[in-house]
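This report refers to the structure that appears directly beneath it.
We're numbering straight along the sequence, starting at 1. Hydrogens, waters and symmetry mates play no part in the numbers below; they use all other heavy atoms, side chains included. Because the structure is a prediction, the values reported are computed rather than measured.
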Amino acid sequence: QVQLVESGGGLVQAGGSLRLSCAASGTIVSINAMGWYRQPPGKQRELVATVTSGGATNYADSVKGRFTISRDNAKNTMYLQMNSLKPEDTAVYYCNADVRSSFMPFAKNYWGQGSQVTVSS
């Protein structure tokens with residue numbers, strides 16, 4: 001089986017920075033696209049950023065210029081560097097990845113359990 005575990009969430013003041021990590025573990029052959037989603041209180045889950053296996057990135061307009069998504073393929077880990085944080089960034093952040101395991105001809109999609117990020121004003 002494959003598991004995704006987020007870390008690095010917490011409480012930060014507006015204007016501050018925080019870095020989230022997502023570590024994939026298990027019998028992993030390769031990881032294709034990865035991404036970060038978030039769910040603010042009382043709202044639906046939304047896409048924050050994605051990164052391909054080759055490092056190409058895409059961002060939601062609300063975080064563009066402030067957040068940076070990256071990955072370390074050797075460590076099967078993805079990161080989200082969050083700068084200039086705003087109160088509206090407060091949400092549960094979820095890791096998502098397409099992962100291929102041993103003897104599987106295709107990749108499967110996995111979700112982490114989420115990490116709380118709270119930005120105070």
How far apart are the C-alpha atoms of M104 and V29, what are their side-chain angles, what is the distance that settles it, and do they pass the side chain to side chain contact (heavy atoms under 4.5 Å, CB included) test? CA-CA 9 Å; M104 295 292 290; V29 174; over 6 Å; no
Worked check of side chain to side chain contact (heavy atoms under 4.5 Å, CB included) between N96 and N109: CA-CA 7 Å; N96 180 264; N109 189 254; 2.8 Å; yes
Intermediate values then yes/no, side chain to side chain contact (heavy atoms under 4.5 Å, CB included), S101 and V2: CA-CA 8 Å; S101 300; V2 174; 3.3 Å; yes
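With rounding to the nearest 0.5 Å, the separation of CG in L4 from OH in Y110 is 8.5 Å. Rounded to the nearest 0.5 Å, atoms OH (Y79) and CG (D72) are 5.0 Å apart. Rounding to the nearest 0.5 Å places CD of E6 at 5.5 Å from CH2 of W36. Separation of atoms CE (M78) and CE (M34) is listed at 4.5 Å; rounding is to 0.5 Å. With values rounded to the nearest 0.5 angstrom, E46 atom CD is found 11.0 Å from Y37 atom OH. The CD atom of Q3 sits 10.0 Å away from the CD1 atom of I28 when rounded to the nearest 0.5 Å.
Cluster annotation: V12 and L80 are assigned to the same hydrophobic cluster (Ile/Leu/Val/Met/Phe/Trp/Tyr, side-chain heavy-atom contacts under 4.5 Å, transitive).
Under the salt bridge (Lys or Arg N to Asp or Glu O under 4.0 Å) criterion, no residue pair touches residues 23-37, with sequence neighbours excluded. Each salt bridge (Lys or Arg N to Asp or Glu O under 4.0 Å) pair with one or both residues in residues 87-113, not counting sequence neighbours, appears once here: R38-D89, R66-D89.
Remark: Q113 CD is loosely packed, at most 12 non-hydrogen atoms of other residues, nucleotides or ligands lying under 6.0 Å away.
Among all heavy-atom pairs drawn from N83 and S17, the shortest one is OD1-OG, 2.9 Å. Between P87 and S121, the shortest heavy-atom contact is CG-CB, 3.9 Å. Contact record, V92 with Q116: CG2-OE1, 3.3 Å, taken as the closest heavy-atom pair. Q39 approaches Q44 most closely through the heavy-atom pair CG-C, 4.1 Å.
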Show me the donor-acceptor pairs, under 3.5 Å and distance only, between side chains in residues 47-55 and residues at least two apart or in other chains.
from	atom 1	to	atom 2	distance (Å)
T52	OG1	G54	N	3.3
T52	OG1	G55	N	3.4
T52	OG1	A56	N	3.1

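In this structure, W111 and Y94 have perpendicular ring planes: the angle between them is above 60°, well past the 30° mark.
Not one N or O on the side chain of T118 forms a donor-acceptor pair closer than 3.5 Å with the backbone of T90.
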